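Report on the following structure.
The shown structure was predicted, so the numbers you read here are calculated from the model rather than taken from an experiment.
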Amino acid sequence: MVYRSTPRVVLNWRKSSASGGESQCVEVAASGPSVLVRDSRNPSAGFLALAPAQWQALLNTIQNGDLDGR
């Protein structure tokens with residue numbers, strides 16, 4: 001589910017240092033137990049809210065290379 005920003009909530013968005021300062025990356029922020037993910041090129045487009053298990057599954061999928069070549 002994609003959410004829009006919530007007024008009065010300050011989030012600490014971070015992106016990988018491997019992005020080298022480029023704007024074409026995803027950013028993540030913690031919000032309670034959820035991990036939020038958004039596109040750094042269009043941060044106003046909203047974000048995904050992932051439960052910890054979903055976040056871990058996404059990380060495992062990326063680290064295993066299961067998304068390479070898609």
Side-chain angles (χ1 to χ4, degrees):
M1 178 173 276
V2 176
Y3 299 93
R4 303 284 182 216
S5 297
T6 304
R8 293 182 267 153
V9 175
V10 177
L11 298 170
N12 182 23
W13 290 98
R14 302 176 1 185
K15 64 181 180 179
S16 171
S17 60
S19 69
E22 296 289 328
S23 63
Q24 299 178 2
C25 195
V26 296
E27 296 175 319
V28 298
S31 178
S34 298
V35 176
L36 310 179
V37 181
R38 71 179 182 183
D39 184 345
S40 65
R41 292 177 295 180
N42 192 5
S44 63
F47 53 85
L48 300 173
L50 303 176
Q54 293 172 312
W55 173 246
Q56 190 60 54
L58 176 62
L59 291 179
N60 291 340
T61 300
I62 293 168
Q63 291 170 342
N64 290 337
D66 295 340
L67 298 176
D68 292 352
R70 290 187 180 211

Sequence neighbours excluded and cut-off under 3.5 Å, please list the side-chain donor-acceptor pairs for residues 47-60, or say none.
| residue | atom | partner | partner atom | Å |
| --- | --- | --- | --- | --- |
| Q54 | OE1 | A51 | N | 2.8 |
| Q56 | NE2 | N60 | OD1 | 3.1 |
| N60 | ND2 | Q56 | O | 3.3 |

Can you give me the closest heavy-atom contact between [X] and [Y], atom names plus distance?
| X | Y | value |
| --- | --- | --- |
| A29 | L11 | CB-CB, 4.2 Å |
| S16 | C25 | N-SG, 4.5 Å |
| R38 | G46 | CB-O, 3.5 Å |

Exercise. Determine which pairs satisfy salt bridge (charged side-chain N to carboxylate O under 4.0 Å, His left out) with at least one residue from residues 41-58, sequence neighbours left out, and list them in order.
Key: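 Sorted result for residues 41-58: D39-R41.
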Practice problem: Just jot down the side chain to side chain contact (heavy atoms under 4.5 Å, CB included) partners of D68, sequence neighbours excluded, or say none. | Solution: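 So D68 forms no side chain to side chain contact (heavy atoms under 4.5 Å, CB included) with any residue.
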